[in-house]
> 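Below: one structure in structure tokens.
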Amino acid sequence: MKKLTTELLLAVLTLPLCSAVLASEHLNVYPPSWWAGMHHNSVQLMVYGENIGTTTASSPSLDITSFHRLDSDNYLFININTQNTVAGTYDITFSRDEQQVANLRYTLSARQPGSARRAGFSQADTIYLITPDRFANGNHDNDSVNGYIDLPARQEPGGRHGGDIKGIIDHLDYIEQMGFTQIWTMPMRENAMDAYSYHGYAMTDFYTMDPRYGSNEDYRTLSQQARQKGIGLIMDVVLNHIGSEHIWMKDAPSKDWIHNDSTFTPTTHMRVSLHDPHGVEADQRAFSDGWFVPTMPDLNQQNPYLATYMIQNAIWWTEYAGLSGIRVDTYSYSDKAFLSNWTRRLTQEYPNLNIVGEEWSVNPVITAYWQAGTPRSDGYQSYLPSVMDFPFQQTLVNALKHKESWGTGLVEMYELLATDFIYGDPYNLVIFADNHDMSRIFTQLDNDYALWDMAMTMLLTTRGIPQIYYGTEVLMTNPGTDDHGVIRTDFPGGWAGDKASGFSGQGLSKLQQQARARLASLLALRQAHPVVATGQYTHYAPQDGVYVYFRHQADADEAAMVVVNKNNEATRLPLARFKQMLAGFTSATRWNTKEKVSLSEDAFTLDKQSATVWLLH
């Protein structure tokens, strides 16, 4: 926890008896501010300072309902009823032995109009996933910051390369012109770790941006400027663990704050134990309470004070930065009851906010379990709107790479999507071809451009909310290694002196330029013809290496027909089989080439190894 300076300065009263305790110190207060008029009419402050837990708290204007100290004398938890409190700055007084020892000024702000009803990301959107350290270096002055040990080392795959918030802001025009409508970045909050800190998942301060990326205000500026371009901002949230350099590892509020007595005990990663009707509690605890690695201590969300802290933190960032959504890392590793309460509280405050959880399972039954609306035999109540669709990712690759047969190839995708009945809302799943934790999709597809084109076309025209990893548009690869630092290679053009630029296209190969143009075209298709992104999905069983599906809406004068042809030669596609979906339309126009054909013809001619989109009129 770093000391906060915004409206939280401790005004020390010159009393000789307490000067050794709090003189010339700041109090750390979490959350650092709040808002009047929230749905939940209370807020719990965690106040951190030497021996602050031995004081009592009072306020002439705030309704302090209670305050509590846990095991450490350096924390005081203050519960405030905000139901009838208007926006303003309020005094909180800390006393010991009936003598005032300190005074804190705390701000409740007015909410932005319409904040509670903000629109979250949806099927209409396409998400651009960015590793901020590897995207663009917009401010060289923050590459190295005093007090942070992990120094710039661009030549090292696991080192910090210097990308930052300013670099993203500087290239919002590019993101907009490509056609992306949401940005999700890997975490940018403080990771004051000795090494390998760039990825952001070992947080040491939940309320402060890592200064090597920029400030809290910089992050809010990114959100505001992106919103002006019609682009939302999704924050990557970690609920399961912290970084080992977090102050809680040296001074935790309570002895049970960190699982396994703050001692490294590895998780089993046996996520299925949570759903096993034949399983035992010991296996569930070994999964949920274990640590990922020694540098990522596992949090105990069964502690009600920690649970409240994490809930309020997510609400604070949503309100402060104007977020359009949240992505939750390692979702199922946290306590199940806590996850239910965490998502419930957020969706109460923001009914239209979208939240997607990472559940890295290729079994759709396990994935579906966590989504709101999914039937569950154990009675568990989930409020999570969306889940990362890992089954889709694996199946997409297999469907394109596996030989066509009765049980392999495109039929694998058909069969996967045929099980969508298990989901609460399959259209609200986040789908992707790759992400920051796996090999690049071009690498997974053996650098085969035709397969890459099919993958992008299917990704951007099927059901769900597509996410594209930065650099996919210029065919970034990780040949011969699955090292995450290599997978998260610097985006070309993001650093002064780069010979090629993905932003301008200068220096890219002809194939990279072709890929960039193709992806931009598909993104333009989604925006120009919303039925492609939001329409109902209807598909036909693949035949002879060809998979056909439609995006359509009732009473609409337009629909889309997508045809995937894996054959190594041009193929004739008879249209009679699709009579039901073609009824009411007379012609089809191929997207991008503008080729127009009459639906009175008997068949289409398909290019070899192609995925084509036909707009029906």
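Just the heavy atoms: all of them, side chains too, but no hydrogens, waters or symmetry mates, feed the values below. Along the sequence shown, the residues carry numbers beginning at 1.
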> In the structure I gave you, are the side-chain heavy atoms of L45 and I92 within less than 4.5 Å of one another anywhere?
yes
> Looking only at side chains, do W591 and S521 share a donor and an acceptor under 3.5 Å apart?
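Indeed, the side chains of W591 and S521 share at least one donor-acceptor pair under 3.5 Å.
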> Quick one: list whatever passes side chain to side chain donor-acceptor pair (under 3.5 Å) with Q467, sequence neighbours left out.
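By the side chain to side chain donor-acceptor pair (under 3.5 Å) rule, Q467 matches no residue at all.
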> Identify, with sequence neighbours excluded, every residue that meets ring-ring contact (aromatic ring centres under 6.0 Å, His included) alongside W257.
W248
> Is it the case that T107 and T89 place a side-chain donor and acceptor less than 3.5 Å from each other?
yes
> Just by distance, with hydrogens left out, do E190 and T204 show a side-chain donor and acceptor under 3.5 Å apart?
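Yes.
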> Apply side-chain hydrogen bond (donor to acceptor under 3.5 Å, both in side chains) to the pair T457 and R518, showing each step before the final yes or no.
CA-CA 9 Å; T457 304; R518 174 60 172 169; 2.9 Å; yes
> What's the verdict on side-chain hydrogen bond (donor to acceptor under 3.5 Å, both in side chains) for E412 and T395, showing C-alpha distance, side-chain angles and the deciding distance?
CA-CA 6 Å; E412 295 178 69; T395 303; over 6 Å; no
> Pairing donors with acceptors under 3.5 angstrom, does anything connect the side chains of T534 and Y427?
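No, no side-chain donor-acceptor contact under 3.5 Å.
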> Does any part of the side chain of I431, heavy atoms only, come nearer than 4.5 Å to the side chain of L396, both counted from C-beta?
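Sidechains of I431 and L396: no contact.
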> Under 6.0 Å from the CD atom of E415, do we count more than 12 heavy atoms belonging to anything else shown?
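Yes, enclosed.
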> Tell me every residue that passes side chain to side chain donor-acceptor pair (under 3.5 Å) with N81, counting only those two or more places apart in sequence or in another chain.
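With sequence neighbours excluded, N81 shows a side chain to side chain donor-acceptor pair (under 3.5 Å) to D63, given in chain and number order.
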> Are H539 and Y414 close enough, and set up right, to give a side-chain hydrogen bond (donor to acceptor under 3.5 Å, both in side chains), and what steps lead you there?
CA-CA 8 Å; H539 65 172; Y414 171 78; 4.9 Å; no
> Please determine which of Y48, Y207, F77 meets the ring-ring contact (aromatic ring centres under 6.0 Å, His included) test together with Y309.
Y207
> To the nearest 0.5 Å, what is the distance between CG (D218) and CG (D164)?
8.5 Å
> Applying ring-ring contact (aromatic ring centres under 6.0 Å, His included), can you list everything that pairs with F287, at least two apart in sequence or on another chain?
Y333
> Under a 3.5 Å threshold, yes or no: a donor from one side chain and an acceptor from the other, between S361 and R271?
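No, because no side-chain N or O of S361 sits under 3.5 Å from a partner of the opposite role on R271.
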> Using the ring-ring contact (aromatic ring centres under 6.0 Å, His included) definition, which of the options Y213, F491, Y198 pairs with F135?
F491
> Could you work out, with ring-ring contact (aromatic ring centres under 6.0 Å, His included) as the rule, every residue matching Y219, not counting sequence neighbours?
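So Y219 forms a ring-ring contact (aromatic ring centres under 6.0 Å, His included) with W317.
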> Kindly state whether the ring of Y469 and the ring of F432 have centres lying under 6.0 angstrom apart.
no
> Output all residues satisfying side chain to side chain donor-acceptor pair (under 3.5 Å) with N435, sequence neighbours left out; order by chain, then residue number.
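For N435 there are no side chain to side chain donor-acceptor pair (under 3.5 Å) partners, ignoring immediate neighbours.
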> Going by atom types only, do Y369 and D378 share a side-chain donor-acceptor pair under 3.5 Å?
yes
> Taking side chain as C-beta onward, heavy atoms only, is V562 less than 4.5 Å from V532?
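No; the side chains remain at least 4.5 Å from each other.
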> Could you tell me whether the side chains of Y320 and S33 share a donor-acceptor contact shorter than 3.5 Å?
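Judged by distance alone, the side chains do not pair up.
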